[in-house]
Number of protein chains: 2
Amino acid sequence: MRAEETAALRGLRLFEGIAEPTFTDLVAAGYLQFFPPGVTLIRASDPADFLHVVIEGVVELYAATAGRETTMELVRPVGAFILAAVLSDQVYLQSARTLTRARILMIPAERVRRWMAQDAAFMSAITVELARGYRQAIKALKNQKLRTAAERLANWLIIVAAEQGTPGAVEIDIEKRVLASRLGMTPENLSRAFATLAGHGAQTRGTHIDITDPAALRAFANPDPLIDGPE
Amino acid sequence: MRAEETAALRGLRLFEGIAEPTFTDLVAAGYLQFFPPGVTLIRASDPADFLHVVIEGVVELYAATAGRETTMELVRPVGAFILAAVLSDQVYLQSARTLTRARILMIPAERVRRWMAQDAAFMSAITVELARGYRQAIKALKNQKLRTAAERLANWLIIVAAEQGTPGAVEIDIEKRVLASRLGMTPENLSRAFATLAGHGAQTRGTHIDITDPAALRAFANPDPLIDGPE
DNA sequence: CGTTTATTTGAAAACGCTCAAGCTCTGTGG
DNA sequence: CCACAGAGCTTGAGCGTTTTCAAATAAACG
C-alpha cells in the first residue's frame, strides 16, 4: 500500500486518534485487493468475517427479499462498511457488490475485535462511527417514510451539488437505475421525477443536471438538517 | 426506586456486566419520574441532555418534517432510547412522547459519557447496544423499502404473536392509528390491510386478531430473519 | 456500424392517500 | 339504566402517486 493511501486511511474517522501500533497492525493484517466491477464482495446472511474499507471505486450495499431488491447505500473512498455486523460477530444484513473497478482493504473481523478490546481510543472511535452510522440509518428511514419520490430526488440533488462543490450543477457518476433504487423508486419513476423537477429549477440532460433556480429547488425539496444534514 | 426495578434495570443489555459502582452511580444520578400519557419527553433538534430509560409504560419515538409525521419506534420496559445522540453529544433526530402513563429514568448525558470513558465494560455494552440499534434501523429501512403495507402488517403480526407468547392470537395494546404510523401507512390503509389479511389466515375483531391459519399468514408475509429477526 | 444495454415514454393497473360519512366503543351525566 | 357525546375505527369514493408492462429512443461497447 502506498504511503498516500495509508495517509488517506488515517483520515478515516474510524482510525482517527488511535495508537500507531493498532493502526499499523490492522492495516498489515488486512488484505488489499482490486476487484472488477460487478463483483459480490459480501452476501447477506453470511457471517461477518471482514471489515471492508473502500480505498478506490464505488461499492453498493443492497438488500433483497422475496425476489425484490433495493440499494441501501453507496460507499465511496475512504469509507468502511458493515461495521456493526463485525463488532457483534453476527451475519451481514446487507450484501455488497462493486459498481466500478474497486480497491478494497479487508481486515479480519477477529483482529478488529481484538484491538477494540485493547485500544481504548480505537474502541472510542468505533463507538463514534457506529453512532454516526446509526443516525444515518435513522435519517434514511425518515427520508423514506416522510417524503415523496420527487422530494427525495430534489434533496439528493441539493446534497450532491454541495458535495461536488458545484452549487449550480450535479454530475451523476452511477447508473440511474442504481440511483433510483437508492432513492427508493423504480428507474421509470426516477425519469418522471427528473421531469417533475424541471418545473422546479433543475434541468436534466443525460447525466448532467443544471440547477437553474436553486431557490425554487429548495422550496420544492424542503431540506431538513435532521434528515439531510451531514455529520 | 424499588429493588425489583433495579433488578429489571440490571437486565437491560446496556447495563449488562458493568461494574457495580458504575451502575449504582448512573442510577443514582438519574431522575426517576412519572409522566401522564401524551407528554412530550424530548423534541427533535434539541441537544441530547439525558439518556432515557422506560421503566413502565409505552413511549413513542416519532419524527416530523414539512407538516408530516411518522412513528419511528415504540419503546417498552425495559428499554433505553436516543443512545446515539447522547454519546456523540448531538441533537436528537427524533421526538418522544408518552402514549400511556409512564415511568422514565433520565440519566444525564454527561454522566453516561464520563462512565463510558472510565468503565471498559460499560463502553463495551454501549457498543453492543449501539450496534443492535443500528442493525434494527437497517432492518426497518429494508422493511419499508421492500414490502407493501399489508406485508408489513402480516410480518408484524407474526412477530408480536411470538412476543406475546400466543402463537394463534395477537392483542393490540396501542391505538391503531399509532400502529399504522409505525408500519408506515395511514389508519385507513391499516383497516384495509387487516381486511386483506382476513383472506390470509388472520381474523381481526377490534383489538384482537385470531391467526386462524398460521401457514397461510406466513405464506403471505414471507418473513425474513434478516428483516424480522429478533437479536 | 451493429449489437447490446440503459434510459425514456406511454398506457394501464395497483397501491396508497385524502376526504367524507357512518359505525363502534367508551365513558359520562342525566 | 339509558341516552348521548366524543373519540377512534371502518368503509366508500375519488384522486394522485407509484409500479408494471411494453415499446421506443438513446447511449455505450465491441
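Throughout, protein chains are lettered first and strands after them, A, B, ... in sequence-line order, and every chain is numbered starting at 1.
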(request) Among the candidates D/dT11, D/dT20, D/dG8, find the nucleotide nearest to the side-chain atoms of B/Arg192. (result) D/dT11
(message) One thing to verify: whether A/Glu151 and B/Arg68 come together as a salt bridge, which I'm taking to mean a side-chain N less than 4.0 angstrom from a carboxylate O.
(response) yes
(message) What's the closest nucleotide to the side chain of A/Arg177 if the choices are C/dA6, D/dT19, D/dG8?
(response) C/dA6
(request) Look at the side chain of A/Ser191 and decide which nucleotide, out of C/dT8, D/dC9, D/dT19, has an atom nearest to it. (result) C/dT8
(request) Look at all strands and tell whether A/Ala150 reaches a base, only sugar-phosphate, or nothing, counting heavy atoms closer than 4.0 Å. (result) nothing
(request) Could you state the atom-to-atom distance from CG of A/Leu190 to P of D/dT19 in whole Å? (result) 11 Å
(message) If the threshold is 4.0 Å, N to carboxylate O, is there a salt bridge linking B/Asp173 and B/Arg76?
(response) yes
(message) So, under a plain 3.5 Å distance rule, would you say the side chain of B/Glu188 forms a donor-acceptor pair with the base of D/dC9?
(response) no
(message) If you assign A/Thr148 and B/Gly206 each to the DNA chain D nucleotide with the nearest heavy atom, which residue ends up on the more 5' nucleotide?
(response) B/Gly206
(request) Return yes if a side-chain donor-acceptor contact under 3.5 Å exists between B/Gln136 and B/Glu73, otherwise no. (result) yes
(request) Could you state the atom-to-atom distance from CG of B/Leu183 to P of D/dC9 in whole Å? (result) 13 Å
(request) Provide, to the nearest angstrom, the distance between the CD atom belonging to B/Gln144 and the C1' atom belonging to D/dT18. (result) 14 Å
(request) Supply the atom-to-atom distance B/Asp228 CG to B/Asn155 CG, rounded to the nearest 0.5 angstrom. (result) 4.0 Å
(request) Could you tell me the separation between the CG atom of B/Leu146 and the P atom of C/dC15, rounded to a whole number of Å? (result) 16 Å
(request) Give the rounded distance in Å between these two atoms: CZ of B/Arg147 and P of C/dC15. (result) 16 Å
(request) Mind calculating the distance between CZ (B/Arg68) and P (C/dT18) to the nearest angstrom? (result) 9 Å
(request) From the options B/Leu51, B/Leu9, B/Val128, select the one residue that forms a side-chain contact (heavy atoms from CB on, under 4.5 Å) with B/Leu14. (result) B/Leu51
(message) Rounded to whole Å, how long is the line connecting atom CD1 of B/Ile174 with atom P of D/dG8?
(response) 14 Å
(request) State which of D/dC9, C/dC17, C/dT7 makes the closest approach to the side chain of B/Asn189. (result) C/dC17
(request) Would you kindly give the NZ-to-P distance between B/Lys145 and C/dG16, to the nearest whole Å? (result) 16 Å
(request) Can you figure out which of C/dG10, C/dC17, D/dC9 approaches the side chain of B/Met185 most closely? (result) C/dC17
